[in-house]
Student: 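Take a look at the following structure, please.
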Amino acid sequence: MPIYWAFLTYMLLKPGEENHEYWFMFSGIDKILHLSIFAALGFSFIAAFPKIIFSYFFQIILIYAFLTEILQEEMGLGRSMETLDIVADTIGCLLGYYIYKLLIKRFF
């Protein structure tokens with residue numbers, strides 16, 4: 001879990017690069033990436049701490065999402081704060097949470 005958080009923080013804060021030479025690159029792919037990585041974060045966080053109260057889980061992930069977006073803006077490394085990134089992060093963490101709960105309910 002700590003390794004994923006460190007990797008995620010690095011990836012979210014490293015200098016941005018726009019690369020449009022690949023066939024799968026399109027406008028808005030960064031929102032899908034934000035949603036995906038925060039879904040993995042939400043899933044792994046609730047898997048690591050299954051007894052955590054939902055409001056605490058949600059607050060921790062949301063604070064992390066806001067913090068990374070603010071740092072992107074303030075560090076001046078070619079990244080910028082975007083409200084839709086925070087929305088994608090929030091939806092992703094909720095998706096990861098509910099996928100975990102669904103799997104636990106279904107298989108255990």
Side-chain angles (χ1 to χ4, degrees):
M1 183 75 187
I3 293 171
Y4 183 71
W5 280 74
F7 175 72
L8 181 58
T9 302
Y10 168 75
M11 293 304 290
L12 289 171
L13 297 179
K14 75 180 193 115
E17 298 175 12
E18 291 294 325
N19 194 343
H20 297 284
E21 65 185 58
Y22 298 109
W23 63 270
F24 58 85
M25 299 300 256
F26 57 89
S27 178
I29 192 168
D30 65 319
K31 305 306 178 257
I32 292 172
L33 293 173
H34 272 266
L35 189 131
S36 301
I37 61 176
F38 271 82
L41 178 64
F43 183 90
S44 61
F45 188 78
I46 196 64
F49 304 102
K51 295 184 190 256
I52 192 169
I53 298 170
F54 175 77
S55 63
Y56 293 163
F57 163 83
F58 189 67
Q59 289 172 16
I60 290 167
I61 300 292
L62 198 58
I63 288 169
Y64 180 72
F66 272 102
L67 183 63
T68 56
E69 289 300 317
I70 291 168
L71 287 174
Q72 284 178 3
E73 185 70 30
E74 295 299 318
M75 290 177 72
L77 297 173
R79 308 285 305 242
S80 61
M81 181 176 176
E82 295 183 29
T83 305
L84 287 178
D85 284 349
I86 295 172
V87 171
D89 297 347
T90 303
I91 292 170
C93 88
L94 292 173
L95 186 64
Y97 177 87
Y98 287 113
I99 288 172
Y100 175 82
K101 290 297 185 179
L102 181 70
L103 290 174
I104 291 299
K105 187 177 184 181
R106 185 166 189 127
F107 294 111
F108 295 104

Student: Would you compute the distance between atom CG of Leu35 and atom CD1 of Ile32 and round it to the nearest 0.5 angstrom?
Tutor: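 Answer rounded to 0.5 Å: 8.0 Å.
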Student: Could you see if Phe43 belongs to whatever hydrophobic cluster contains Phe7? Use Ile, Leu, Val, Met, Phe, Trp, Tyr and a side-chain cutoff under 4.5 Å.
Tutor: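 Per the 4.5 Å side-chain linkage, Phe43 and Phe7 are not co-clustered.
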Student: Give a yes or no answer on whether the side chain of Glu69 reaches the backbone of Glu82 with a donor-acceptor pair at less than 3.5 Å.
Tutor: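 Answer holds: yes.
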Student: Would a hydrophobic clustering, with Ile, Leu, Val, Met, Phe, Trp and Tyr connected at side-chain separations under 4.5 Å, put Tyr10 with Ile70?
Tutor: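 In one cluster: no.
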Student: What's the spacing between Leu62 CG and Thr90 OG1 if we round to 0.5 Å?
Tutor: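 The CG atom of Leu62 sits 4.5 Å away from the OG1 atom of Thr90.
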Student: Roughly how far, to the nearest 0.5 Å, is the CG atom of Leu41 from the OG atom of Ser36?
Tutor: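 Between atom OG of Ser36 and atom CG of Leu41 there are 12.5 Å.
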Student: Using the rule that Ile, Leu, Val, Met, Phe, Trp and Tyr join whenever any side-chain heavy atoms are under 4.5 Å apart, tell me whether Met75 and Met11 fall into a single cluster.
Tutor: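 Met75 does not cluster with Met11.
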Student: Please round to the nearest 0.5 Å and tell me the distance separating atom CD1 of Ile3 and atom OG of Ser44.
Tutor: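 Result: 12.0 Å between the selected atoms.
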Student: Mind listing the closest non-hydrogen atom pair of Leu13 and Thr68 along with its distance?
Tutor: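 Smallest interatomic distance, heavy atoms only, reads CD2-O, 3.6 Å.
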Student: Side-chain heavy atoms nearer than 4.5 Å, only ILVMFWY residues, links allowed to pass through others: does that put Leu84 and Phe38 together?
Tutor: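 No; Phe38 is not reachable from Leu84 via cluster members.
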Student: Going hydrophobic residue to hydrophobic residue with side-chain gaps under 4.5 angstrom, can you get from Ile63 over to Phe45?
Tutor: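 No; tracing contacts between hydrophobic side chains, which count when under 4.5 Å, never links both residues.
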Student: Between side-chain atoms of residues 95-108 and protein atoms elsewhere (two or more places apart, or another chain), which donor-acceptor pairs fall under 3.5 Å?
Tutor:
none

Student: Return the minimal non-hydrogen interatomic distance between Ala65 and Ile86, and the atom names on each side.
Tutor: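 Nearest heavy atoms, Ala65 then Ile86: O-CG1, 4.5 Å.
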Student: Nearest 0.5 angstrom please: Ile61 CD1 to Tyr56 OH, how far?
Tutor: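 OH of Tyr56 is found 15.5 Å from CD1 of Ile61.
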Student: Can you tell if the side chain of His34 reaches within under 4.5 Å of the side chain of Ile91, non-hydrogen atoms only?
Tutor: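 Not touching, per the 4.5 Å side-chain cut-off.
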Student: Can you classify the ring geometry of Phe54 versus Phe58 as parallel (below 30°), tilted (30 to 60°) or perpendicular (above 60°)?
Tutor: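 Parallel: the ring planes of Phe54 and Phe58 meet at under 30°.
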Student: Looking at residues at least two apart in the chain, or sitting in another chain, which of them share a salt bridge (charged side-chain N to carboxylate O under 4.0 Å, His left out) with Glu73?
Tutor: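 Partners of Glu73 by the salt bridge (charged side-chain N to carboxylate O under 4.0 Å, His left out) criterion come out as none, since no residue qualifies.
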Student: Quick one: CG on Leu12 to CG on Asp89, what's the gap to the nearest 0.5 Å?
Tutor: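 Separation between the atoms: 7.0 Å.
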Student: Testing the basics here: between Gly42 and Phe57, what is the closest heavy-atom pair and its distance to 0.1 Å?
Tutor: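 That would be O-CE1, 3.6 Å.
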Student: Would Leu71 and Thr9 count as a side-chain contact (heavy atoms from CB on, under 4.5 Å) if you check the C-alpha gap in whole Å, the side-chain angles of each, and the deciding distance to 0.1 Å?
Tutor: CA-CA 10 Å; Leu71 287 174; Thr9 302; over 6 Å; no
